[in-house]
Structure formats: structure tokens, C-alpha cells
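First the structure, in the form of C-alpha cells, and then the observations on it.
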Amino acid sequence: MVIGSGGREHALSWKLSQSSKVDTVFTAPGNGGTKNNVSIDVDDLDGLADFAQKNNCFTVVGPEAPLAAGIVDKFKEKNLKIFGPSKDAAQLESSKIWAKNFMKRNNIPTARFEIFDDAQKAQDYVKGLDYDVVVKADGLAAGKGVIVCNGYDDAISAIQTILTEKTFGDAGNRIIIEERIDGIEASYIALSDGNIAIPMASSQDHKRIFDDDKGPNTGGMGAYSPTPIIDKDLAKKIQEKIINKTIESMKKEGITFKGFLYAGIMLKDNEPYVLEYNVRMGDPECQPITMRMDFDLYDYFVASANGELSSMPEISWKDQYSVCVVLASEGYPESYPKNEEIVGFDSIPSNAFVFHAGTKQTDGKILSNGGRVLGVTALGDTLESAISNAYAASEKISWPHKFCRKDIGKKGMAYL
Ligand code: AMP
Ligand code: GLY
């Protein structure tokens, strides 16, 4: 059973259904593209556990909310098999303050920072700084609790938004004010069993809504893998200084980290800094990454859950690039129309696959049902051909308020 309803979960279900060891993949609650949907909400932990028990499931958790709520701990108490981090381990994502303090005491490279719960003290602090800052709400805010500031006035208004106006509710009871690092972002995701961590393929997301990284942040408008921005030497550095160090330091502090460990990296002068941790696969990074997997993902999920990754054979990847273009509904990340019929699925060429996200099936029709609607993902022998394959396939799909960025992958081209 895969828990979640986004493009990431469709990609995980799709990949797991190819395993000879898996009879059926259920997705809870799933979307218009996933099969065997089970209508149980991601926060109904008891309902999910009951279903897993009755159907003899191995469970894979997609999004962060059930992990932060302790789904893995709950399943383990009931002797149910599950892949993902415990509630304690999920603090790396569920509390940004916990994560920053963890990095500081373990010398994991990250932007310098201070923590505040008092707006006046926070404002006095930024007055004395001679660099730009980023203001972050401590808790989970659906990817929105981070305000990148340009100058003093921006910083003051960000502090007010989070601490005074409580725009993100209790998630903003405390804030981090950290140094803004201007560099290049990439995603580095590894799979851990608590002892070792094996790297997944590198990738790069496109977080802003418009081309050339303009406009507000979104959940991610497209991703590609691998990214030439992370070369072999840099990958080694990130693996050692960040990923391995994180897993070892967690262990030293008595927490076994099992699951996907995702480091959002900022590269400056060829040095990596952790902007954030996620304790799950990225969305949309998961779509191009799974498409390049030349191994049975199920085996590795089981090995992670059992703490046996070191006895697994080395993983291999298709020697191709993969690009995922997110098709969204116009208006996202703010308000957008829903329930529009989507057509064109029958014309998708064989080098591409359409992962569903915000869709639903009604009377045999696929309708839009969210902001990020589809992730059209294609392979290619070069980054350039993967980009053109993904866009050629995207052209086949239409609905009245379809919208996408036109420059997914372009940033990588500059590095080839
Ligand atoms: P986060 O959710 O912490 O990854 O932040 C969301 C986005 O804010 C990141 O993808 C970056 O684009 C930006 N960001 C976060 N922290 C910093 C920082 N210290 N310097 C520059 N940009 C940042
Ligand atoms: N694509 C960014 C994330 O999954 O958080």
C-alpha cells in the first residue's frame, strides 16, 4: 500500500507494481491515475493500519504529514511492515528548528541562524545584520512557511506575517532567521536503513511558478534527473559531509533513520549547504528518478525497513536523462478551477509516461482536481532530447486551464 495522492505516489505505485514480488499495489487515497484506490485519508492512521492488517500489506508512506504524526511507530506497534522514518526521525522535517539545532551541534553545513518566539526581539536582531535573511516558520506549513527576504523591510514584514499575524497558525509559534545564501539549488536524496545510506540519482526541482524562477514558490513545477550540477566529486562531498554525517549523528543521538532522506542543497563556491531536510521522496523529483530506476524498488524498501541495506547489490540506473514537466491548473499556487475534463492520454508516445497528481476519475472521464494536475515524464539519451520528449508529450494533453513552465531542465543545459 502506498499512502498519498500526488504525482510522487503515482510514481511509487507504478514502480512497485512492476516488482514480481508484489501482487497488488493499493494506493490510499490515490488519484485518477492510480489503481486499486482505497478511500482512507492519509491522516486516518487507525484506518490505514486496519486496512494494512486485513490485506497483508507492506506499506510505503509518500507525504510528510503521516510520518510526522507517527504512522511508522503505530504500524510497528501492531507488527505491520512499513517503510519510512519514525516520528522522532521525522523531526528533521517536521521541526525546522530541531533540524537546524541538530545540524549545528553535528557540524553539518547550513546557513547561520537564530531562533525567536518574540516579534520585537526578532526585529531588533535583524536591525543589526549586514546580510539578507530568510525567515522560516518552525513547523509544517505545506511548503509555504519560508520567506526569502530582500532587505530590512522585507524581513520585518516576514516576521510580522509569521509571528504576529500567525498566517501559518501554530507552525509559526517560533521562527528561524537565517542567512540567505545565494547559489544554485539541487536535490540530493538517499535511501537509508539507519546504518548506511545509498544515494538515489541526483535531480533538480523548479520551485517557482513561472519561467526563469519568477513568481511565488510552489510544490515544484518540474524536475529532471540526473543533474549535471552535481558532478561526481560534489556528489561524494554531499554524501560524506551531509548524508552519512546525518545518519551517523542521528544514530549517535539514539534515533535510527530509516527511509528516504532528502537534503535540499544550496551550492555556493562548490560547497554544499543544507537548506532543509525532507524525510520522504521529493515531489516532483520522484517522477524522473523512479523512471530511471533499473532495480526492484520493493526489495530496497524491505531492506531499509529491516536494516539490511548493506547486504543488497549495488543499484543501477538507466543511462538516460529523465524530465518531468508538471501540468498545473492556471491560478496555482493560489486559487484555480477544478473539475475540468482532461483529454489526450491516448496520444502519449511510448518514451513518456503521465503521472497523475490532482486528478480524479468520474464516469470514465479524467477531471482536474488540484493545483498540480499531471507530471508528464519522459526519457532521452541527452538532457536536450529528454526535455523535447517531455514537452512533445505534454502537448498531447489538454484541458481549458492547463498551464506549465516552458523551461524545465534548461538550468541543467548550461552545465553540460
Ligand atoms: P525550504 O522549504 O527551507 O527548502 O525553503 C524553500 C525555499 O526557500 C528553498 O527552496 C530556497 O529556494 C529558499 N531558501 C530557503 N533557505 C534559504 C537560504 N538560507 N538562502 C537562500 N534561499 C533559501
Ligand atoms: N520538490 C520539493 C519537495 O518535495 O519538497
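Just so you know, ligand 1 is whichever comes first in the structure, and atom 1 is the first atom listed for that ligand. Numbering of residues begins at 1 and proceeds along the displayed sequence.
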Using modelled atom types only, decide if a donor and an acceptor are shared between the side chain of [X] and the backbone of [Y] within a distance under 3.5 Å.
X    : Y    : answer
T290 : C286 : yes
D212 : K214 : no
K258 : A305 : yes

Run the numbers for me: atoms of ligand 2, each under 4.0 Å from some heavy atom of [X], listed by number.
X    : answer
D205 : 1 (N), 2 (C)
N278 : 5 (O)
E285 : 1 (N), 2 (C)
G282 : 4 (O)
G219 : 1 (N), 2 (C)

Note: R8, heavy atoms under 4.0 Å from ligand 2, region reported as neither
Which part of R280 is near ligand 2, with near meaning a heavy atom under 4.0 Å away: side chain, backbone, both or neither?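 R280 to ligand 2: side-chain contact only, backbone stays beyond 4.0 Å.
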Examine the side chains of S13 and K35 and answer whether a donor and an acceptor come within less than 3.5 Å of each other.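 No, because no side-chain N or O of S13 sits under 3.5 Å from a partner of the opposite role on K35.
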How long is the gap from CD on E64 to OH on Y262, to the nearest 0.5 Å?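 So the gap between those two atoms works out to 11.0 Å.
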Can you classify the ring geometry of [X] versus [Y] as parallel (below 30°), tilted (30 to 60°) or perpendicular (above 60°)?
X    : Y    : value
F116 : Y125 : tilted
W98  : F102 : parallel
F355 : W14  : perpendicular

Taking the six-membered ring where the residue is Trp, are the ring centres of F83 and Y300 under 6.0 Å apart? no
H356 ring center within less than 6.0 Å of F345 ring center: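 Ring-ring flag for F345/H356: true, centres closer than 6.0 Å.
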Has ligand 2 got any nitrogen or oxygen that is less than 3.5 angstrom from a nitrogen or oxygen of D283?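 Yes, there is a polar N/O contact under 3.5 Å.
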Could you go through ligand 1 and note, for every N or O atom, any protein N or O atom closer than 3.5 angstrom, writing the atom names and distance to 0.1 Å, or 'none'?
residue: ligand 1; atom: 2 (O); partner: K96; partner atom: NZ; Å: 3.4
residue: ligand 1; atom: 2 (O); partner: E276; partner atom: OE1; Å: 3.2
residue: ligand 1; atom: 3 (O); partner: K96; partner atom: NZ; Å: 3.2
residue: ligand 1; atom: 3 (O); partner: K136; partner atom: NZ; Å: 3.1
residue: ligand 1; atom: 4 (O); partner: E276; partner atom: OE1; Å: 3.4
residue: ligand 1; atom: 4 (O); partner: E276; partner atom: OE2; Å: 3.0
residue: ligand 1; atom: 10 (O); partner: E185; partner atom: OE1; Å: 2.6
residue: ligand 1; atom: 10 (O); partner: K207; partner atom: NZ; Å: 3.3
residue: ligand 1; atom: 12 (O); partner: E185; partner atom: OE1; Å: 3.4
residue: ligand 1; atom: 12 (O); partner: E185; partner atom: OE2; Å: 2.5
residue: ligand 1; atom: 16 (N); partner: K136; partner atom: NZ; Å: 3.0
residue: ligand 1; atom: 16 (N); partner: E178; partner atom: OE2; Å: 3.4
residue: ligand 1; atom: 19 (N); partner: E178; partner atom: OE2; Å: 2.7
residue: ligand 1; atom: 19 (N); partner: E179; partner atom: O; Å: 2.9
residue: ligand 1; atom: 20 (N); partner: I181; partner atom: N; Å: 2.8
residue: ligand 1; atom: 20 (N); partner: I181; partner atom: O; Å: 3.4

